[in-house]
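Just the heavy atoms: all of them, side chains too, but no hydrogens, waters or symmetry mates, feed the values below.
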Amino acid sequence: MRRMVLLVGVFLFTLFHNEWKKVNVYSLMSPSFSVSLPQEQIIDSIPIQKKKIALTFDDGPTSDETVQILDLLKEYDAKATFFVVGSRVEHYASIVEREIREGHGVGNHTFHHLIWTRNVSEKQLIKEIELTQEAIFNINGYQPSLFRPVQGFYNQKLVDVVERSNLQVVLWSQKHVFNIAKSHLFHTSGFLYC
């Protein structure tokens, strides 16, 4: 826990004390799967007047790490968006319920952490999205409106499927991976410069 707090603290300190600039999200992704699409189809930054960041966390929930993150967010009266994996939602329903109850956003990150490649069918992607939407909805009626593709891989076909599911694709303008040594879990977090 202390290591994670230190990592987050150092990163946020660096972020706020360095010169602000927008990071092009497309430079962080594999060019063979990702394409540049209009801003209204993909959210990777939000232009506003004041300096702010939107914290996002992917690949959860998990029992220890997500609870620690929620505790920190509560301590500092901060909000985040958690992009959850549907199969984990069923196992950790109480954690997702806490995320929603405490005013955090919850988004769809597929049911089995499916990485979008040419070998994945549209039908399979639709099923992954629907199963996750259902798992989240079954907790307390919360209906996610955001979708983050695993590892940020997407193309027009994925965006079209997501939009037909009444979801908005959200990426990040800065990506960071936490390695929680105790559990050997890689937890991806993202920051949207606002």
Side-chain angles (χ1 to χ4, degrees), residues 1 4-5 8 40-44 46 48 52-116 120 122-152 154 158-172 175-178 180 182-183 185-192 194:
M1 165 90 172
M4 181 175 66
V5 171
V8 171
E40 63 271 5
Q41 289 189 298
I42 304 288
I43 297 173
D44 67 348
I46 304 168
I48 62 172
K52 292 186 178 184
I53 59 172
L55 295 173
T56 64
F57 297 91
D58 298 359
D59 307 339
T62 60
S63 59
D64 294 334
E65 291 82 8
T66 305
V67 169
Q68 291 172 8
I69 291 168
L70 285 168
D71 290 344
L72 281 171
L73 292 170
K74 188 173 187 174
E75 180 179 341
Y76 292 98
D77 194 29
K79 301 298 179 206
T81 300
F82 293 86
F83 289 92
V84 298
V85 176
S87 61
R88 294 181 186 158
V89 167
E90 294 176 337
H91 190 69
Y92 299 109
S94 64
I95 294 174
V96 176
E97 186 173 28
R98 178 181 171 192
E99 292 170 353
I100 296 166
R101 185 178 62 249
E102 293 181 2
H104 302 287
V106 175
N108 190 319
H109 198 50
T110 73
F111 195 80
H112 294 103
H113 203 252
L114 179 76
I115 297 176
W116 179 250
V120 176
E122 185 175 321
K123 183 178 178 180
Q124 186 179 3
L125 178 61
I126 291 168
K127 188 71 171 170
E128 289 278 323
I129 291 170
E130 288 174 351
L131 286 172
T132 303
Q133 291 292 98
E134 184 179 323
I136 297 167
F137 183 82
N138 286 340
I139 292 174
N140 69 355
Y142 184 89
Q143 190 69 48
S145 61
L146 304 175
F147 175 84
R148 176 167 287 159
V150 176
Q151 300 298 320
Y154 67 92
L158 177 136
V159 172
D160 292 343
V161 167
V162 171
E163 286 183 345
R164 284 195 310 269
S165 300
N166 295 315
L167 297 169
Q168 172 71 52
V169 176
V170 177
L171 297 176
W172 47 81
K175 185 177 177 182
H176 186 73
V177 178
F178 294 107
I180 310 300
K182 181 179 174 184
S183 64
L185 169 77
F186 283 89
H187 189 89
T188 307
S189 63
F191 300 89
L192 288 176
C194 301

Exercise. Could you give the distance from OG1 (T62) to CD1 (I69), rounded to the nearest 0.5 Å?
Worked result: 7.0 Å

Exercise. Is any side-chain heavy atom of S87 closer than 4.5 Å to a side-chain heavy atom of L131?
Worked result: no

Exercise. Which value, rounded to the nearest 0.5 Å, describes the distance between D58 atom CG and H109 atom NE2?
Worked result: 4.0 Å

Exercise. Under 3.5 Å, side chain of E90 to main-chain N/O of A135, donor-acceptor pair present?
Worked result: no

Exercise. Out of curiosity, L158 CG to L114 CG, how far, rounded to the nearest 0.5 Å?
Worked result: 9.0 Å

For this session: Flag the pair T66 / R98 as yes when at least one side-chain heavy-atom distance between them is below 4.5 Å, and no otherwise.
Result: no

Exercise. Are any non-hydrogen side-chain atoms of R148 and T81 less than 4.5 angstrom apart?
Worked result: no

Exercise. Counting only N and O atoms by type, is there a donor-acceptor contact under 3.5 Å from the side chain of N108 to the main-chain atoms of T132?
Worked result: no

For this session: Please report the closest heavy-atom contact between S63 and I95, naming both atoms and the distance.
Result: CA-CD1, 3.8 Å

Exercise. Should F82 and L70 be marked as a side-chain contact (heavy atoms from CB on, under 4.5 Å) after you check the CA-CA gap, both sets of side-chain angles, and the distance that decides it?
Worked result: CA-CA 10 Å; F82 293 86; L70 285 168; 3.8 Å; yes

Exercise. Side-chain contact, heavy-atom cut-off 4.5 Å: L167 with I129?
Worked result: yes

For this session: Look at atom NZ of K74 and say whether more than 12 heavy atoms of other residues, nucleotides or ligands are closer to it than 6.0 Å.
Result: no

Problem set entry | Between CZ on residue R101 and CG on residue N140, distance to nearest 0.5 Å | 9.5 Å

Exercise. Do F111 and K127 come close enough that some side-chain heavy atom pair is under 4.5 Å?
Worked result: no

Seminar exercise, completed: Heavy atoms of I136 and P144 approach each other most closely as CD1-CG, 3.5 Å

For this session: Verify, without hydrogens or angle tests, whether K79 (side chain) and E102 (backbone) share a donor-acceptor contact under 3.5 angstrom.
Result: yes

Exercise. Do any N or O atoms from the side chain of Y142 and from the backbone of V106 form a donor-acceptor pair under 3.5 angstrom?
Worked result: yes

For this session: For I42 and V159, work out which heavy atoms get closest and say how close.
Result: CD1-CG2, 3.6 Å

Exercise. Can you list the steps and then say if V161 with W116 is a side-chain contact (heavy atoms from CB on, under 4.5 Å)?
Worked result: CA-CA 12 Å; V161 167; W116 179 250; 5.8 Å; no

For this session: Give the intermediate values and the outcome of side-chain contact (heavy atoms from CB on, under 4.5 Å) for residues E128 and V120.
Result: CA-CA 11 Å; E128 289 278 323; V120 176; over 6 Å; no

For this session: State, to 0.1 Å, how close P61 and Y92 come at their nearest heavy-atom pair, and which atoms those are.
Result: O-CD1, 3.3 Å

Seminar exercise, completed: Separation between CD1 (I126) and CD (Q124), nearest 0.5 Å, reads 11.0 Å

Exercise. Taking side chain as C-beta onward, heavy atoms only, is V84 less than 4.5 Å from F57?
Worked result: no

Exercise. With no hydrogens and no angle check, is any side-chain donor or acceptor of Q168 less than 3.5 Å from a backbone partner on S145?
Worked result: no

